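Here the structure is laid out as structure tokens; the discussion comes afterwards.
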Amino acid sequence: MAIVKCKSCGYKAYGGCMPTASCGLLLLGGLSTGLALAGTSAWLALASWPMGLRVILSALAAIIGAIAGGWLIQVVPWSLEYVLAYRHRCPQCGARRWSFPFTEGFGL
């Protein structure tokens, strides 16, 4: 469950499906999927190119794919949680001013 904070009064609400502990295990799926898809597709697309250039461009595509995959696996669910949290009013002040979902370290 991610945490959202009311911008008016500071009330913290817990909700959604993302965990409150921020750990790299969440990014592992997106990073590895992006790395594998981008690297493999670049390797196959550049089959007729010289080996040295093929390796360099495939590695560059794999790095960019890993960053994009990690970003998508993190930002898309948290944006959906923000939209769902924004629909509700704050129980203390009644405002609909919520922060973007965040975590508190390792849940401590």
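Since the structure is predicted, the reported quantities are computational estimates derived from the model, not experimental observations.
- With contacts defined as side-chain heavy-atom distances shorter than 4.5 Å, the pair Trp43/Val55 qualifies.
- Under the rule for a side chain to side chain contact (heavy atoms under 4.5 Å, CB included), the partners of Pro91 that lie at least two apart in sequence or sit in another chain are Tyr11, Trp98.
- Residues Met51 and Leu53 fall into different hydrophobic clusters, defined by Ile, Leu, Val, Met, Phe, Trp and Tyr side chains chained together at heavy-atom separations under 4.5 Å.
- A donor-acceptor pair under 3.5 Å is absent between the side-chain atoms of Thr40 and the main chain of Leu37, judged by distance alone.
- Hydrophobic clustering (side-chain heavy atoms under 4.5 Å, transitive across Ile, Leu, Val, Met, Phe, Trp, Tyr) groups Leu72 together with Val75.
- Taking 4.5 Å as the limit, every side-chain heavy atom of Ser8 sits out of range of all side-chain heavy atoms of Cys90.
- The minimum heavy-atom distance between Arg54 and Leu46, with the atom names listed, is CD-O, 3.4 Å.
- Residue Leu35 is not grouped with residue Ile63 when hydrophobic side chains (ILVMFWY) are merged at heavy-atom distances under 4.5 angstrom, including chains of intermediate members.
- Lys7 pairs by the salt bridge (charged side-chain N to carboxylate O under 4.0 Å, His left out) definition with nothing, not counting sequence neighbours.
- Across every non-hydrogen atom of Cys9 and Gln92, the tightest pair is SG-OE1, 3.6 Å.
- Shortest non-hydrogen contact noted between Arg89 and Arg96 is CG-NE, 3.7 Å.
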